[in-house]
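Just so it is clear, the model here is predicted, and its values are computed rather than measured. If you read the sequence from its start, that first residue is 1, and numbering goes on from there.
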Amino acid sequence: MGFILDGLEAEAYDRSYSDAALIRRIVGYFRPHGRKIVGVALLVTAASLVEALIPFGVARGIDLLASNPAAQLLLGLAGLVTVLGSLGWLFNFLRQKLAAEAVGDVVLQLRDDAFAAVMQRDLSFYDQFPSGTIVSRVTSDTQDFSNVVTLTMDLMSQVLLVALVSVVLVVVQPSLGLLTIMTAPVVFLVALAFRRVARWTSQQARRAVAKVNSSIQETVSGIAVAKSFRQEAAVYEEFTATNNLAYRVSVRRGLVFDTIFPLLDAIAGLATAAVVYFGGARVLDGTISAGEWYLFVQGLMLFYFPLTSIASFWSQFQQGLASSERVFALIDAEPRVVQRASQPVPRLRGEIAFEGVDFTYRPDAESAAQAPGGEQVARREGERVTVSGFVPPDMGWVLRGFSLEVPAGQRLAVVGHTGAGKSSLARLIARFYEFQGGRILIDGRDIRDLDLGQYRRQIGMVPQVPFLFTGSVADNIRYGRPEAPDEAVAAAAARIGGGEWVADLPQGLQSEVGERGARLSLGQRQLVAMARVMLQDPRVFILDEATASVDPFTEEQIQTGLDAVMAGRTSIVIAHRLSTVRSADRIIVMRQGQIIEEGSHEALLGQGGHYAELYTTYFRHQSLEYIEAVGAFGE
């Protein structure tokens with residue numbers, strides 16, 4: 001079985017819940033809908049009574065017809081069955097309607113809670129777990145959860161029907177009634193034996209579906225790359241392997257669930273045969289009437305069908321419990337970014353300070369550092385005190401004892417090779433990740449003590465590849481301020497590059513950007529992102545410049561826009577453009593998580609150090625002097 005389930009390991013945040021704990025959580029979602037549940041219970045009772053009365057009425061009718069074969073009596077019996085059948089249909093219809101509303105409300109709330117949990121997870125969560133599996137929990141697993149709720153609703157009617165039929169059978173003919181009821185424990189024991197394997201196979205099936213969803217989502221997101229490298233066949237083969245894995249797991253799950261019903265039906269069939277034989281013998285010797293025997297035969301159908309459904313309930317119930325377990329694990333996942341307080345955040349000045357900050361993207365680094373032989377770090381007012389030992393070199397520390405002060409209103413350019421820790425500074429300032437040691441202060445206050453929502457509203461960010469949501473350019477500009485009027489949106493756009501870029505759009509600010517901004521060029525997406533920040537009016541601006549080149553005209557528009565956005569704000573730019581580093585008030589050069597040089601552009605060039613090397617490698621070809629020299633050489 002190992003090869004069948006290979007690759008379906010649980011996620012790190014998955015946890016196991018007992019059946020009782022899961023049922024308590026599920027019941028908690030139903031409490032607000034108590035009236036509908038009571039209505040369902042009453043309708044279940046009425047429908048079960050009607051269904052139990054039908055064979056009883058027919059049996060009495062058979063005995064009466066045997067002694068008095070009158071046409072009127074036959075018509076009356078047919079009318080009674082019709083009325084009872086119609087009432088049963090009506091009660092069941094109303095029950096299904098109320099149950100569907102209650103289930104829909106519960107699934108709606110559960111999905112809302114799951115999506116809210118997704119929104120609360122920090123970026124390290126999405127670094128570790130594929131987005132497709134997360135989507136599967138919010139959509140597919142919540143839908144499967146509704147199935148278990150529907151099963152529970154049906155269980156109520158089946159339990160009541162079995163109880164009523166059992167009473168009728170015992171009252172009419174105690175010996176045959178007891179013989180029938182004695183088979184019930186056997187049915188239940190067989191069904192309960194399937195419970196654990198049903199839960200386990202259901203969990204594997206849900207993981208397989210999540211893996212397929214993740215594969216599809218990743219393929220669609222990266223389809224342009226796959227096509228550019230002509231890797232369609234390889235992508236298809238990878239998906240086929242994942243799909244075949246899901247198929248094998250689904251077949252195994254189907255075998256488990258398809259085995260229990262034939263087995264239970266076989267037990268019920270043997271019991272029915274025994275009752276038919278002994279009941280028929282009683283009719284032949286005159287102990288019971290033909291009507292009573294008919295009542296027993298019909299009663300067996302009403303008894304064993306819901307009984308096998310009840311017995312198999314726990315196996316089917318495990319499907320829903322497995323899905324609810326995955327959803328609750330997502331809701332209960334512990335965030336890594338945890339605020340110690342929620343202090344209000346007034347208008348910021350924008351003064352930023354890193355004090356002895358340690359940071360790694362590896363979630364196990366902090367605990368590993370506390371292991372025997374590692375470094376045990378005590379924190380006292382931001383000071384770092386080494387107690388004993390050493391930090392293993394493979395912990396992947398991005399920053400180690402990092403310190404930096406950025407005065408309010410300063411334009412700071414951060415340069416360095418890939419992996420130097422530049423983007424990590426921006427992510428930590430925005431509180432996207434938890435740092436493992438030291439302090440980060442904004443206006444002298446630890447960012448871990450601030451109201452995170454109020455704080456982030458005063459942080460404006462433009463990533464390397466700006467993300468635009470499906471909609472118009474105007475919709476994306478007002479994303480941070482949905483209430484902003486059209487005039488404010490237009491004014492913000494006009495302040496970026498003089499607004500000339502808007503005229504190049506087919507419908508101006510109402511132009512559709514497409515999925516992820518696919519209808520706009522990279523330069524246009526950067527301009528939209530800067531206009532979005534301009535409308536937001538943050539006190540701290542963070543820019544991770546795109547490494548891709550744009551045409552000179554767009555470059556000029558972007559630089560003009562940057563000057564407008566950075567004016568009067570603390571600005572931190574992970575720089576890739578010469579124009580940006582030249583206009584910065586201060587440049588820091590990073591290598592392996594440390595600042596190795598800092599100063600102005602001219603001063604750092606004069607030192608002939610690492611910055612001068614970076615300039616020669618990355619920036620010099622962008623300078624006018626270099627372009628003119630190359631042009632002169634070409635002549």
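- Ion pair R481/D537 not flagged as a salt bridge, since none of the NZ, NE, NH1 or NH2 atoms sits closer than 4.0 Å to an Asp/Glu carboxylate oxygen.
- When the shell of 6.0 Å around CD of E238 is examined, it contains 12 or fewer heavy atoms from other residues, nucleotides or ligands.
- When the options H417, E597, E613 are evaluated for a side chain to side chain contact (heavy atoms under 4.5 Å, CB included) with V589, the one that passes is E597.
- For the pair V462/D544, no side-chain contact is recorded, criterion being any heavy-atom separation below 4.5 Å from C-beta on.
- The nearest pair of heavy atoms linking T570 to E351 is OG1-N, 4.4 Å.
- Remark: I574 CD1 to S423 OG distance equals 5.0 Å, nearest 0.5 Å.
- Side-chain N or O atoms of R495 include none that pairs as donor or acceptor with a backbone N or O of A491 at under 3.5 Å.
- Between the side chain of R525 and the backbone N or O of A518, no donor-acceptor pair lies under 3.5 Å.
- One distance of note links CD of Q464 with CG of L543; it measures 9.5 Å at 0.5 Å rounding.
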request  = Carefully, step by step, assess I352 and I572 under the rule side chain to side chain contact (heavy atoms under 4.5 Å, CB included).
outcome  = CA-CA 10 Å; I352 302 171; I572 298 176; 3.8 Å; yes

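- Between the side chain of R111 and the main chain of V138, a donor-acceptor pair closer than 3.5 Å is present.
- D443 places a side-chain N or O within 3.5 Å of a backbone atom of G350 that can act as its donor or acceptor partner.
- Judged as a side-chain contact (heavy atoms from CB on, under 4.5 Å), and not counting sequence neighbours, the contacts of S583 are R411, Q559.
- Note that OG of S511 and CG of N476 are 11.5 Å apart. Values are rounded to the nearest 0.5 Å.
- Smallest separation of non-hydrogen atoms from Q458 and P346: NE2-O, 2.8 Å.
- The aromatic rings of F402 and F354 stand perpendicular to each other, their planes meeting at an angle above 60°, with 30° marking the opposite boundary.
- Without hydrogens or angle criteria, K422 side chain to M590 main chain gives no donor-acceptor distance under 3.5 Å.
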> Are V573 and L562 close enough, and set up right, to give a side chain to side chain contact (heavy atoms under 4.5 Å, CB included), and what steps lead you there?
Replying inline: CA-CA 10 Å; V573 182; L562 282 176; 5.9 Å; no

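- Between Q594 atom CD and I588 atom CD1 the span is 11.0 Å, to the nearest 0.5 Å.
- Between the CD1 atom in I429 and the CE atom in M461 there is a gap of 8.5 Å [rounded to 0.5 Å].
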inquiry  = side chain to side chain contact (heavy atoms under 4.5 Å, CB included) for R439 and R448? Distances and angles first, verdict last.
reply    = CA-CA 9 Å; R439 299 193 302 172; R448 292 172 292 188; 3.6 Å; yes

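- Within the 4.5 Å cutoff, no side-chain heavy atoms of V513 are placed close to those of T470.
- The main-chain N or O of E434 is found under 3.5 Å from a side-chain atom of Q436 such that the two form a donor-acceptor pair.
- Remark: R25 engages D332 in a salt bridge, criterion side-chain N to carboxylate O under 4.0 Å.
- Atom OH of Y29 has more than 12 heavy atoms from other residues, nucleotides or ligands within 6.0 Å.
- R586 and Q410 share a side-chain donor-acceptor pair at under 3.5 Å.
- Looking at heavy atoms from C-beta onward, D451 lies in side-chain contact with S342 at the 4.5 angstrom threshold.
- A donor-acceptor pair is defined here as one N or O able to donate and one able to accept, closer than 3.5 Å; no such pair exists between the side chain of D446 and the backbone of L441.
- In this structure, V528 and I496 have side chains that are not in contact, with every pair of non-hydrogen atoms separated by 4.5 Å or more.
- Between the side chain of R456 and the backbone N or O of A430, at least one donor-acceptor pair lies under 3.5 Å.
- Stacking of R336 on the aromatic ring of Y433 is not recorded, the 6.0 Å distance cut-off and the 45° axial limit not both being met.
- By the 4.0 Å N-to-carboxylate-O rule, R431 lies too far from D122 to be salt-bridged with it.
- Of all the heavy atoms in V581 and I587, the pair that sits closest is O-CD1, 3.5 Å.
- With a 4.5 Å cut-off on side-chain heavy atoms, L412 and S571 do not count as touching.
- Counting only N and O atoms by type, the side chains of D105 and Q109 include no donor and acceptor under 3.5 Å apart.
- Between F435 and I447, the closest heavy-atom pair is CE2-CD1, 4.3 Å.
- In Q454, the CD atom is crowded: over 12 heavy atoms of neighbouring residues, nucleotides or ligands sit closer than 6.0 Å.
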Give the intermediate values and the outcome of side chain to side chain contact (heavy atoms under 4.5 Å, CB included) for residues M530 and L527. CA-CA 5 Å; M530 283 189 284; L527 293 168; 3.9 Å; yes

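- Side-chain contact of T560 with D563: a donor-acceptor pair under 3.5 Å is absent, judged by distance alone.
- Remark: side-chain polar atoms of Q536 are paired, donor with acceptor, to backbone N or O of I459 under 3.5 angstrom.
- The side-chain heavy atoms of H610 and I596, taken from C-beta on, include a pair separated by under 4.5 Å.
- Looking only at side-chain heavy atoms (C-beta outward), R457 and P538 stay at 4.5 Å or farther from each other.
- Judged by distance alone, the side chain of R539 and the main-chain N or O of L348 form a donor-acceptor pair under 3.5 Å.
- Using modelled atom types, one finds a donor on one side chain and an acceptor on the other under 3.5 Å when comparing Y611 with H601.
- Here the closest non-hydrogen pair linking L399 and G421 is CD2-O, 4.5 Å.
- Side-chain contact between P335 and F125: absent, with no pair of heavy atoms (C-beta onward) separated by less than 4.5 Å.
- Judged by distance alone, the side chains of R445 and Q343 do bring a donor and an acceptor atom under 3.5 Å apart.
- The two residues A490 and L509 make their nearest non-hydrogen contact at CA-CD1, 3.8 Å.
- Note that the CG atom of D113 and the CZ atom of F328 stand 8.5 Å from one another [nearest 0.5 Å].
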